[in-house]
Amino acid sequence: MKQFLKKTFLWVMVFVLFLGILNFFVFPNNENIMSIKNNLLKSEKNFSEILILGNSHTFFGITPQILSYKAINIANKSRKLETDYYILKKNINFLKELKTVIVPISFYTLFANDLTEQEKRLYYNFFELKEYNQGWFKNSLLINEPFRELLNDIMFNNFKTILPNFGWRANSESYVFNEQIIKERVGEVDNRINNNEKIVFNLNILQNIIDLCDEKKVKLLIVLPPYHQDFYKYSKGKYQRKIMSCLNTLRLKSSKILDCKKLEIKAPKYFENVDHLNVKGAILLTKKIDSILRDIP
Amino acid sequence: MLFNSLAFLVFLPIVFFLYWFVFKKLTMQNILILTASYVFYGWWDWRFLSLIILSTLIDYSIGLLLKKTTILRKRRLLLYASLLFNLGMLGFFKYCNFFIDSWIEVWASLGVTMHGSSLNIILPVGISFYTFQTLSYTIDVYKEKLEPTKNFIAFASFVSFFPQLVAGPIERATNLLPQFYKKRKFDYAIAVSGMKLILWGFVKKIVIADSCAVLVNKIFTDYQNESGLVLIMGAIYFAFQIYCDFSGYSDIAIGTARLFGFRLMKNFNYPYFSRDIAEFWRRWHISLSTWFRDYLYIPLGGSRVSLKLKVRNVFAIFLVSGFWHGANWTFITWGGLNALFFLPLLLRSKNRSNLNEVAGDSIFPNIKECFQILFTFSLTTLSWIFFRSETIVDALQYIRGIFEITNFVPDVIRHKKAIPLLLLFIIVEWFSRKQEYAIVLDKKYRAVFYLLFVFLIMYYASASEKSSFIYFQF
């Protein structure tokens, strides 16, 4: 029995050691959109003049190569405003040439729900945000994420090839009207719009971003992303009004608000779907933002 | 509780520790096994524990009553009582709806509409397995092959022994029950072999069977839109899915039992290397085949009867075997097909012509053996199509789809992972075919393989589609 237990223990220890190496040294270095954007931030810290934060609206919608300034797009899908704040707070001192920060404020950002444990874990591991430290058990990728996906990220990763443009990527499909999808999208927002507690929380976060930029003498451009006409029609413009009324409660200091509705990006050929731009739309929007940035003293 | 669950990963070491280090006396160890078995079973649905307990009480009492009486009429009555209870319980829970539906369909085919509705009956997991196990006890006691036990704890532990409770191997009382009377001693070699069996069982279940399952489910669900070649692949995948799923379970069960000092019977012996159907049935689900042989085929006269009765006996054993698997005509057809494949061998007295090891001492089989293996595999795979299909019509349409040559386009991309995996598995099995289990590896490099196996298990286990063992439904 002793020999059996000894050998079993030895095998278990060898395997635990192996898993430990994976958990602490291999998996946190996996390449995915987050880690690639975090590395981009580090590699461009001495050159970047414009930092594009935010969620899918800016991830797909603003392409850095078109801007007249050196810019990087570190936005990511479903990113919450709170996470943007922590990323900015962590990096603003290292970005020596930083002049402008772009943050999108959409129905998603302002009315967003709390971060999930998984979001915190991924941003902790791949964006090194210490604010999201949940203890080793909840931080562990090995324990909490599908082993197969973690390994696939090591073995079959190809994110590098699809994010070559300073963090920007967009699809080239054009918008096709689908009433059901629009209604679902509008319905989602309807469910969130009355969550005042969350709105106040996100407004406070935005105020922190404004204050931080002001303190560091960096301009802040708050962008209200463009939507397809159908979205405005089905939502009857009420979210835009709600967002504007919320923004009016803030002390904007030197920051500017850009409502993209006024930019007249209307044609369906500029949209991938009802609330996201495609490649053509991104190029158009970026050009317009560029001219605005050049006008800001 | 599933073997491939986190709960079992915690459960097994706890029971192992208590068994060898806390409860050292025989009775206490048996009580622990009984308790652990009930927890294991009750994890799924504790209400159905009552059926196991009832079955245990009745067969235990009948065993004792059989000992007390020598009057043949009384003894027969007692045997019938046990058969009636066990088969009645199995019939009610497993076949009630089948008979109601079939009865209505028969009248409907004659133009008479009958109104009836199926009962909402849950099939208790493992009922076919433990019912047959307790029946073997009563029949053996009736035939005076076995002394009835007075030790209720030992008997209850035998009926509900958790490693093989829900999906076999179906143990004979003559083999397993006496092991509960004797103090078990820890044997290092047996425990290590148990660990290896468990590991290999998980590889078969999680890496092979579950990978095949994803493809099989897609192909069999959408068979009308698949090409002939994909349908053939689908049938082959299912052949390996069911083999690896079921034999994987058996390996884990046998391995787990070994950790507690018990020896269970071998349930699979590399069946896909069989050279004829008779050999296949000597190597496939051995515990069930021999059960039917001993308690049905031989009592009916076996093969030492007239030609007419020989045919009847062969069909009886295979049709009942099909019906045992489930209340569906597809299983019965599967049994019937196997009877048809088996019968020519029996009638030409060739059913025991392949008793030696395939390929003997050679590394590879000769051309004749290759042809025989492929032919036998094709026959079994053909019958598996009926086993897997929802209805007989589906099975027939599936087979018809295979022969539609116009649509014979390979779809390699979808199978790029499964095909190499299966080929690798076949190679491993082939070179292990003379061994008790597949992963008897050289000391020099076995550590690498064990780590690789655990790694593969973790990789495949974290797939989004989790599956239970196929034989749980039987």
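Remember, predicted model here, so these are calculated numbers, not experimental data. Chain naming here is simple, since letters A, B, ... match the order of the sequence lines and numbering starts at 1 in each.
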Contacting moiety of A/Leu5, where chain B heavy atoms sit under 4.5 Å: side chain

Greater than 12 external heavy atoms within 6.0 Å of B/Phe21's CZ: yes

Full working for side chain to side chain contact (heavy atoms under 4.5 Å, CB included) between A/Phe147 and B/Ile457: CA-CA 10 Å; A/Phe147 189 66; B/Ile457 290 167; over 6 Å; no

Audit row: B/Phe455, A/Leu22, side chain to side chain contact (heavy atoms under 4.5 Å, CB included) steps and yes/no: CA-CA 12 Å; B/Phe455 194 70; A/Leu22 286 179; 4.2 Å; yes

B/Val454 and A/Trp11: CA distance, side-chain angles, deciding distance, side chain to side chain contact (heavy atoms under 4.5 Å, CB included) verdict: CA-CA 11 Å; B/Val454 180; A/Trp11 275 107; over 6 Å; no

Value rounded to 0.5 Å, distance of CE in B/Met458 from CG in A/Leu151: 8.0 Å

Residue A/Lys90 excluded, over 12 heavy atoms near NZ under 6.0 Å: yes

Rounded distance [0.5 Å steps], CZ in A/Phe4 versus CZ in B/Phe16: 4.5 Å

Greater than 12 external heavy atoms within 6.0 Å of B/Leu6's CG: no

B/Lys183, NZ atom: more than 12 neighbouring heavy atoms under 6.0 Å: yes

Sole residue of A/Gln3, A/Met1, A/Lys2 in side-chain contact (heavy atoms from CB on, under 4.5 Å) with B/Tyr188: A/Gln3

Residue B/Leu456 versus chain A: region with a heavy atom under 4.5 Å: neither

CZ/A/Phe177: more than 12 non-hydrogen atoms of other groups inside 6.0 Å: yes

Whether over 12 other heavy atoms sit under 6.0 Å from A/Gln180 CD: no

